[in-house]
Amino acid sequence: MSEVVIRLPDGSSRTLPAGSTAQDLAAAIGARLARDAVAAQVNGSLTDLATVLPDSAEVRVVTAASDAGRDVLRHSTAHVLAQAVTRLWPGAKYAIGPTIEHGFYYDFSLPNGAHFSDDDLERIDAEMRRIIAEDQPFTREEHSIAEGRALFADQPFKVEIIDGVAGEAGEGASAVSAYRNSAAFVDLCRGPHVPSTSRLGHFRLTRVAGAYWRGDEHRPQLQRIYGTAFESAAALDEHLAQLAEAERRDHRRLGQELDLFSFPSELGPGLAVFHPRGGIVRRVMEEYSRQRHEEAGYSFVYTPHISKADLFETSGHLQWFAEGMYPPMELDEGQRYYLKPMNCPFHVLIFKSRQRSYRELPLRLFEFGSVYRYEKSGVVHGLTRVRGMTQDDAHIFCSRDQMGEELAKLLKFVLDLLGDFGLHDFYLELSTRPAGKAVGSDEEWSEAESTLERVARAAALDLVLDEGGGAFYGPKISVQARDAIGRTHQISTIQLDFQTPQRFDASYVGADNRRERVIMIHRALFGSVERFLAILLEHYAGNLPTWLCPEQARVLSVRGEFEGYANEVAQRLRARGLRASTEPADEPLGSRVRRAKLDKIPYILVVGAEDAGNQTVGVNRRGATDPERGVSVDDLVERLATEVARRGAPEDL
RNA sequence: GCCUGGGUAGCUCAGCUGGUAGAGCAGCGCAUUCGUAAUGCGCAGGUCAAGGGUUCGAAUCCCUUCCCAGGCUCCA
């Protein structure tokens, strides 16, 4: 009997009898590996464990607890889902069931236009567990195109996929593969799959949704079920806990609970109002931003919310961005006015209001500019995707030789400012020319792109390329930040623009008395104030650092007789610029403390007989397990003032 | 925009296959005066998103509109 030599990832080799499978290899290496194996990578491509290994193959055994292994588990679980649905809804057509980032989905078309409800998830889940208990094999079958069409004759989506394969590879040339679980269920699939359904089980169906066949809104709408699967109950639980944590941190929930903002339905989708407490947070954010911008050499401007159409004709917005704009208001004289979707054209007009000298450059015009964008109604989401928002927007007008340095300085400024808000983990994304949707010459674009890339590389952060993701007038660097639970958010954007100045004929007089075309840098650091606030809320799970908290301290008197002293303490804090309140003692202390905790107040201060006599307070710090007693009011005021000044949080101590 | 699922008191939600609305929290009043995450009693609060239809009768069934949530090819 001949043998085959298999090379393993660690460089070692194994000799096995000819005809051995990947499963045999795993077993030869160890019982534990044999148990954990779900698939194999043979000469670079993923395949089933049942695959017979060719001689001198390079083989890696794929275990469940790896990214590739989890994909196999999820894909196989998707097949089980499809089988369960066909059992429960005879006649159901199954379309595609791929794995996605944290799970999988499967799309179906149910007989008689039926659709899934949340209750169905339980039934399907139960049926899936039965299939898993049946220990059905995943058996690979190869079929010709014609056989495939016959096999899936009653599955129109599968037939369409096979037709696609036939179209690409030629009618007779290629074969299709399918995986059979039972006489009753077979699914067209590339694989690989686990050897048997018994290898599955740590899964959860998460939600039902509608989705178009092939994502095309002109094609049939299918019923989609999302789910996820993991290698162990513990890994699944951890994933579900993460989802619950994200839900707990959802800024829409926190905005409600903390009375920060709301979305009155009377206003329409994507339009928020800020309540007094949310208003404080916003105001503090904006004031700090203004202060930093002033220090960084920005000038402050104000511009209106609407303008005649001509402005946006000139800027190119009506040509390139019209679908993102609200429809025009028609005036009696036939004049069309638009709500502004961006501030840049207005700032250009300020630049152009008189002749500019090279001595004025860089000219940095800053505005908290409210803009309105007609987002499709299905995509608005809390404060992160709205139709009305305020950008911390500035346009820097500079010369060509200044732009590199200005951009480098700007990037440093951005990261520094974001750091002050508690974001420290960044990477950059460079978005380049959008194909077929851009103005300007190739030379200008490549100069702009290479300048941005140089600056981005110099920042010593990871740089990701976003091909074709730029605006119509120029490429951009966007700053992506990772939050406390590891999610990334696009925050700041910096765009380099040679086009707008040309469109507006914006120029300056150089030292040599010649007119030069000015360069524009568009930049928003928060992006939008609303969205940035939402990100901060989720980042901090509502426990904003003290300087941003609407209410920094609440003074509670143990009994009504100390309310005068409580007011005195609050007054002392307010005299130092801190936001402190008191609450009457007509409820038990525990109840008032609880409410203050739910309000996420950084410092709950309790005063009683001992304190009134000694000018002290009891300090219940957010994040602390035990309250401190007998802290002198003087010390407390200093502590809080210091914490605010360094933009800290009570949890830092 | 499209699809699915939703919209019941300020909030979170109950209300079976149609018989005409409930709880907890919040609010208000009274009592309680309490040392660090829920004091008691009482009161008030809803055109059941809006409009139309079916029906003797609609929160419940049907239609339209508005709003919310999730989703809408990381290709078998």
Side-chain angles (χ1 to χ4, degrees), chain A residues 71 75 78-79 82 94-102 104-107 110 114-120 148 152 155 157-165 168 176-179 187-191 206-226 250 252-253 256-257 259 262-271 323 374-382 554 556-563 584-599 604-611 617-621 624-630:
Chain A
D71 276 354
H75 201 175
H79 278 226
Y94 41 108
I96 57 168
T99 60
I100 51 175
E101 193 176 346
H102 294 294
F104 62 86
Y105 65 82
Y106 214 115
D107 286 345
L110 299 182
H115 49 74
F116 297 123
S117 72
D118 287 349
D119 301 339
D120 293 330
F152 293 103
Q155 291 294 334
F157 301 108
K158 299 297 175 188
V159 170
E160 188 174 328
I161 293 164
I162 294 171
D163 288 345
V165 173
E168 272 172 36
V176 293
S177 59
Y179 281 78
D187 193 1
L188 184 71
C189 186
R190 260 202 274 264
T206 48
R207 64 177 79 94
V208 303
Y212 297 105
W213 170 232
R214 306 225 139 148
D216 182 345
E217 63 189 77
H218 303 297
R219 312 198 63 177
Q221 180 91 23
L222 303 175
Q223 291 284 311
R224 176 171 295 181
I225 293 178
Y226 281 91
D250 190 317
R252 293 167 299 180
R253 164 201 285 259
Q256 161 101 284
E257 287 172 357
D259 194 15
S262 59
F263 297 89
S265 58
E266 290 84 345
L267 297 186
L271 299 169
E323 64 188 26
Y374 184 72
E375 300 286 356
K376 289 199 290 181
S377 68
V379 306
V380 299
H381 177 90
R554 187 177 294 174
L556 307 177
S557 53
V558 171
R559 291 200 308 276
E561 61 181 291
F562 310 115
E563 280 176 19
D586 46 14
E587 271 180 283
L589 180 63
S591 168
R592 286 175 288 149
V593 168
R594 176 174 188 270
R595 198 161 45 241
K597 288 282 184 191
L598 291 174
D599 287 344
I604 302 165
L605 307 174
V606 174
V607 297
E610 292 170 26
D611 299 297
V617 292
V619 178
N620 189 327
R621 183 166 59 86
T625 45
D626 297 306
E628 285 174 78
R629 291 286 295 273

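Residue numbers start from 1 in every chain, and the chains themselves are labelled A, B, ... in the order their sequence lines are given, proteins ahead of strands.
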Between protein and nucleic acid, restricted to nucleotides 65-69 of chain B and to nitrogen or oxygen atoms under 3.5 Å apart, what atom pairs and distances do you find?
from  : atom 1 : to       : atom 2 : distance (Å)
B:A69 : OP1    : A:Arg252 : NH1    : 3.3
B:A69 : O3'    : A:Arg252 : NH1    : 3.4

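- Across all strands shown, B:A14 remains unpaired; no Watson-Crick or G-U wobble contact has both distances below 3.5 Å.
- The base-pairing partner of B:C56, taking Watson-Crick or G-U wobble contacts with both distances under 3.5 Å, is B:G19.
- Put simply, NZ on A:Lys597 is 7 Å from P on B:A37, counting in whole angstrom units.
- The separation between A:Arg554 atom CZ and B:U36 atom P is 18 Å, rounded to whole Å.
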Quick one: which protein N/O atoms are closer than 3.5 Å to N/O atoms of nucleotides 42-45 of chain B? Pair and distance per line, please.
none

Check nucleotides 28-32 of chain B for protein N or O atoms closer than 3.5 Å to its own N or O atoms and list the pairs.
from  : atom 1 : to       : atom 2 : distance (Å)
B:U32 : N3     : A:Asp586 : O      : 3.4

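- Here A:Asp611 does not pair with A:Arg629 in a salt bridge; the nearest charged N to carboxylate O distance is not below 4.0 Å.
- Distance A:Leu598 CG to B:A37 C1': 7 Å, rounded to the nearest Å.
- Heavy-atom nearest nucleotides on RNA chain B were determined for A:Gly560 and for A:Gly590, and the one closer to the 5' end corresponds to A:Gly560.
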Check the interface with nucleotides 73-75 of chain B: list each N/O to N/O pair with the protein under 3.5 Å, or write none.
from  : atom 1 : to       : atom 2 : distance (Å)
B:U73 : N3     : A:Arg214 : O      : 3.4
B:C74 : N4     : A:Glu101 : OE1    : 3.4

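- In this structure, A:Arg621 places its CZ atom 18 Å from C1' of B:G35, rounding to the nearest Å.
- With sequence neighbours left out, A:His102 forms a ring-ring contact (aromatic ring centres under 6.0 Å, His included) with A:His239.
- Mapping A:Glu375 and A:Ile604 onto RNA chain B by nearest heavy atom places A:Glu375 at the nucleotide closer to the 5' end.
- In this structure, A:Asp107 places its CG atom 9 Å from C1' of B:C72, rounding to the nearest Å.
- For the pair A:Leu110 CG and B:C3 P, the interatomic distance rounds to 17 Å; values are reported in whole Å.
- Taking atom CD of A:Glu323 as the reference point, atom P of B:G1 lies 14 Å away to the nearest angstrom.
- Among residues two or more places apart in sequence or in another chain, the salt bridge (Lys or Arg N to Asp or Glu O under 4.0 Å) test is passed with A:Arg190 by none.
- The distance between atom CZ of A:Phe562 and atom C1' of B:G35, rounded to the nearest whole Å, is 10 Å.
- In a base pair of the Watson-Crick type (N1 to N3 plus N6-O4 or O6-N4) or a G-U wobble (N1-O2 and O6-N3), with each distance short of 3.5 Å, B:G35 is matched with no nucleotide.
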